[in-house]
Amino acid sequence: MSQKPFRLYDSLSRQVKVLETQEPNHLRFYSCGPTVYSYAHIGNFRSFVTSDLIVRTARAIGMKVTWVTNITDVGHLTEDDVADAQGEDKMERALRSKEGEQFNNVWELAEYYEDAYKEDWKHLNLVEPNVRPKATQHVREQILAAEELIDKGFAYETPTGVYFSVEKFPEYGKLSGNTQESLRKGVRDVVMDENKHDQSDFAVWKKDDKHLMQWFSPYGWGFPGWHIECSVMARAYLGDTIDLHSGGEDNKFPHHECEIAQSEALTGKPFCGHWVHTSHLQVNGQKMSKSLGNFYYVRGLMKDGVDPLAIRFALISGVYRKNLNFTDQGLVDAATNIDRFKRADETMKAGLEAKRAGENTLGTELEKLYDEALEAMCSDLNTPVAIAKSLEGAKLISKEGDSITLSSAQSAEKFLNLVNDLLGIVRGSFHLQAIQENTSNVDSSRIEALIQERKEAKASKNWARADEIRKALTEEGITLTDNPDGTTSWAQA
RNA sequence: GGUGCCGUGCCCAAGUGGCCUAAGGGGUCGGUCUGCAAAACCGUUAUUCGGCGGUUCGAAUCCGCCCGGCACCUCCA
C-alpha cells in the first residue's frame with residue numbers, strides 16, 4: 001500500500017522529519033515508562049499519551065508497530081537526574097513515607113503502584129503495548145552489559161561501582177546539547193566522587209550491600225544504574241537499532257543521553273533514528289512539582305466525577321511539544337466535547353437499528369474529514385486540528401438526529417470507529433456512572449416519589465407546584481431533566 | 001550563568017511568508033424546540049496575532065531591539 005509519510009519532530013536533529021523505519025512498514029518503538037514508587041500523575045500520562053498517539057497514528061497509516069514501554073521497578077537515586085548521583089533511593093523513601101506503611105517491603109510497594117499504573121492506563125484509553133518489560137526482569141542482561149562495557153574500554157570499576165567514561169564517547173551531548181565542557185562546569189557539589197575519572201561519568205552499576213533491592217554481580221552485591229535498563233530492554237526486544245524512542249522532556253538529559261552512549265558503545269551501531277520528547281504539563285498556571293504538591297492523579301479526578309476520557313481529551317487538547325496548562329475549566333470544556341462524540345455515537349447506533357431508507361448524506365463529507373484528521377496527526381501530531389475535524393464530523397452526525405438513514409448511519413459508524421482508533425476519545429472502556437452510583441448516598445426512592453408527584457402536577461397543568469419541586473431538588477444538588485419521551489431523569493451534581 | 005521554547009478574541013488553543021478579512025472548543029448573546037427550564041440544534045462573537053522598528057509586491061508567520069511568561073541544566077514525564 002502507498003503509505004502516507006508520518007512527520008514528527010526529532011529532538012536529535014532538531015527538525016521535523018519523516019519517520020523512517022529500518023524494516024519497511026514496521027516501526028520499532030521504545031518509550032520510557034514510569035518508576036513505580038507512587039501513582040503516576042497526569043503529567044506522566046501526558047507523555048505516555050504522546051506515545052499512544054504515535055502508535056495509533058502509525059497504525060492508521062498502515063504501519064506495523066512493535067511498541068515496548070518499560071516499568072522501572074528498581075529504585076533509583078532521587079538525584080538521578082544528575083548523570084550520576086549519590087542520593088536517597090526513591091523506592092526506599094516511598095516505603096518509609098506515610099503511604100508506604102501499608103507495604104511489607106519495596107517489592108510489594110512496586111507491585112501495588114505497577115497495578116495502579118496499568119489501571120490508570122486503561123482508564124485513559126491508552127492502547128496496550130506489545131511488551132511491558134520490568135527492569136528487575138533484566139538485571140542479568142544489565143550486569144552483562146556492564147561487563148561488556150568494561151571489556152570494550154568504555155567503563156571502569158571503582159570502589160563504589162562501575163562507571164561509564166564519558167570521554168570515551170565523544171558524541172556524548174549530541175542529544176541534549178550538554179557538551180562535556182559545559183557539564184564539567186555544571187557539576188554540583190553533591191555528586192563529587194573522587195573515585196570517578198571524570199565528574200560527568202555516570203553509573204552503570206552501583207555497589208551497595210545495604211540496598212533494599214540488590215543483586216549479586218562480579219562487583220559484589222548492588223543494583224544497576226538507571227540508564228542501563230532502557231538500553232538493555234530496548235535491545236532485548238527491538239534489536240540493536242530502534243526506529244523511535246520517546247519520553248518526557250526531562251528524560252533528554254541525562255537519561256537518554258546516557259542511553260545513547262551506552263547502547264552505541266555496546267553495539268557500535270546507531271541506537272535510535274528518531275527521538276520524541278513531550279513538554280511538561282502545567283497545572284493551573286504552575287509547574288507540577290513535589291515541592292508545590294500540586295499533582296493530579298487519574299484516580300483522584302475520577303473520584304471527583306471526572307470522566308477519564310475528558311482527562312485524556314484535556315491532555316491532547318494542545319500539541320505535545322508546547323507546554324500545556326491543565327485547568328479545572330479545561331476539564332469541563334473537555335467533558336463537553338466528549339459528550340458531543342458520545343451523542344454522535346448514540347445517533348449512529350439508533351440509525352443502525354432504525355434502518356431508515358434513503359440516501360447516504362454523510363459518507364463523502366465524513367471521509368474527507370477523517371482524511372484531514374489523519375493528515376493533521378501525521379503533521380507532528382497536531383491533535384488540536386485532528387480533534388477539530390473529528391468534532392466537525394460528530395456534529396454532522398448528530399445533526400441528522402432521528403432522521404438518519406441506514407446508509408448514513410453506516411458511514412457514521414465507520415467514521416466514529418476510525419476516529420476512536422486514531423484519537424481514543426469516542427468510547428472509553430470505563431463507565432463513570434458505575435462508581436458514582438456506588439458512592440452516592442442520596443435517597444433515590446424519595447427523589448423518584450417527588451418526580452412522580454411533579455409529573456402529576458404537570459399533567460394537571462399545576463406548573464407552580466412542578467417548578468417548586470424542581471427548584472427544591474436543585475437546591476439539594478439534584479438536577480431534573482424532562483426527556484422528549486415524557487420521562488424525567490435526574491442527576492447529582 | 002549556560003541552553004531552548006513561547007506570548008493569537010473573555011478563557012483554552014491551531015496556524016510559522018500569499019488559500020488568514022486567523023481553524024476548533026468553552027463561554028457570551030440571539031434564535032429553534034419546550035408549559036417553563038435543561039439538553040440538543042442553528043446563528044453570533046479578533047480588519048487582528050505582546051510592544052516598537054526593519055526586510056518583502058505581500059508578515060501573526062522572517063530579522064533586530066524591548067517587555068512579559070515558561071522549560072531544561074537541579075526533585076519531576
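By convention in this document, chain letters (A, B, ...) are assigned in the order of the sequence lines, proteins followed by strands, and residues within each chain are numbered from 1.
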Please list all pairs meeting salt bridge (Lys or Arg N to Asp or Glu O under 4.0 Å) that have one or both residues in residues 330-343 of chain A, counting only residues at least two apart or in different chains. Asp307(A)-Lys342(A)

Are the aromatic ring centres of Tyr39(A) and Tyr117(A) under 6.0 angstrom apart? no

Of Lys17(A), Arg7(A), Arg321(A), the residue whose pairing with Asp380(A) passes salt bridge (Lys or Arg N to Asp or Glu O under 4.0 Å): Arg321(A)

Set of side-chain hydrogen bond (donor to acceptor under 3.5 Å, both in side chains) partners for Lys395(A), sequence neighbours left out: none

Rounded to whole Å, how long is the line connecting atom CG of Asn70(A) with atom P of A77(B)? 11 Å

Going by the rule ring pair (Phe, Tyr, Trp, His ring centres under 6.0 Å), which residues pair with His256(A) if we only count those two or more places apart in sequence or in a different chain? His245(A), Trp275(A), His277(A)

Can you name the residues that form a side chain to side chain contact (heavy atoms under 4.5 Å, CB included) with Lys118(A), not counting sequence neighbours? Ile71(A), Glu114(A), Arg132(A)

Would you say that more than 12 heavy atoms from the other residues, nucleotides or ligands in this model lie under 6.0 Å from the NZ of Lys455(A), or not? no

Among residues two or more places apart or on two chains, list those pairs meeting salt bridge (Lys or Arg N to Asp or Glu O under 4.0 Å) that have a residue in residues 42-53 of chain A. Asp52(A)-Arg56(A), Asp52(A)-Arg312(A)

Quick one: is Arg321(A) getting a side-chain N or O under 4.0 Å of the A71(B) phosphate, OP1 or OP2? no

When all nucleic acid strands are considered with a 4.0 Å heavy-atom cut-off, which category describes Leu281(A): base, sugar-phosphate, or nothing? base

Can you tell me the distance, in whole Å, between the CD atom of Glu346(A) and the C1' atom of A40(B)? 12 Å

Take the protein atom NE2 of His255(A) and the nucleotide atom P of A77(B), then report the distance between them rounded to whole Å. 10 Å

Which nucleotide, C41(B), A14(B), C76(B), lies nearest any side-chain atom of Ser398(A)? C41(B)

Calculate the interatomic distance between Asn323(A) atom CG and C12(B) atom P; express it in whole Å. 14 Å

If the condition is side chain to side chain contact (heavy atoms under 4.5 Å, CB included), which residues does Glu346(A) pass it with, not counting sequence neighbours? none

By the 4.0 Å heavy-atom rule, please label Lys399(A) as base, sugar-phosphate, or nothing. sugar-phosphate

Spacing between Leu396(A) atom CG and C41(B) atom P, to the nearest angstrom: 11 Å

Give the rounded distance in Å between these two atoms: CD1 of Ile397(A) and C1' of C41(B). 15 Å

Under the rule for salt bridge (Lys or Arg N to Asp or Glu O under 4.0 Å), what residues qualify as partners of Asp467(A), not counting sequence neighbours? Arg470(A)

Separation between the C1' atoms of G15(B) and A59(B), rounded to whole Å: 13 Å

Looking only at atom C1', what distance separates A14(B) and G24(B), rounded to whole Å? 8 Å

So what does Lys322(A) touch, heavy atoms closer than 4.0 Å: a base, only the sugar-phosphate, or nothing? sugar-phosphate

Let me know, please, whether Gly33(A) or Asp339(A) comes out on the 5' side of the other along RNA chain B by nearest nucleotide. Asp339(A)

Test item: Ser31(A) side-chain N/O and Ser51(A) main-chain N/O as donor-acceptor pair under 3.5 Å: no

In residues 8-19 of chain A, which ones come under 4.0 Å of RNA chain B, going by heavy atoms? none

Taking atom C1' of A40(B) as reference, at what distance in whole Å does atom CG of Asp345(A) sit? 17 Å

Would one find a side-chain N or O of His280(A) under 4.0 angstrom from OP1 or OP2 of C72(B)? yes

Hits for side chain to side chain contact (heavy atoms under 4.5 Å, CB included) against Thr361(A), two or more places apart or cross-chain, chain-then-number order -> Glu400(A), Ser408(A)

If you look at every strand shown and take non-hydrogen atoms under 4.0 Å, does His277(A) touch a base, only sugar-phosphate, or nothing? nothing

Suppose you measure atom C1' in U55(B) against the same atom in C65(B); what distance do you get, rounded to whole Å? 15 Å

Applying salt bridge (Lys or Arg N to Asp or Glu O under 4.0 Å), can you list everything that pairs with Lys458(A), at least two apart in sequence or on another chain? Asp482(A)

Give Gly330(A) one of three labels, base, sugar-phosphate or nothing, depending on what nucleic acid heavy atoms sit under 4.0 Å from its own. nothing

Dot-bracket assigned to RNA chain B with the 3.5 Å Watson-Crick/G-U criterion, [ ] for crossing and | for other-strand pairs, is ((((((((.[[[..)..(.....]]](.((((.......)))).)....[[[[[..)....]]]]])))))))....

Protein heavy-atom contacts under 4.0 Å, written 5' to 3' over nucleotides 20-37 of chain B as B (base), S (sugar-phosphate only) or - (none), form the string ---BSBS--------BBB

d(CG, Leu324(A); P, C5(B)) in whole Å: 19 Å

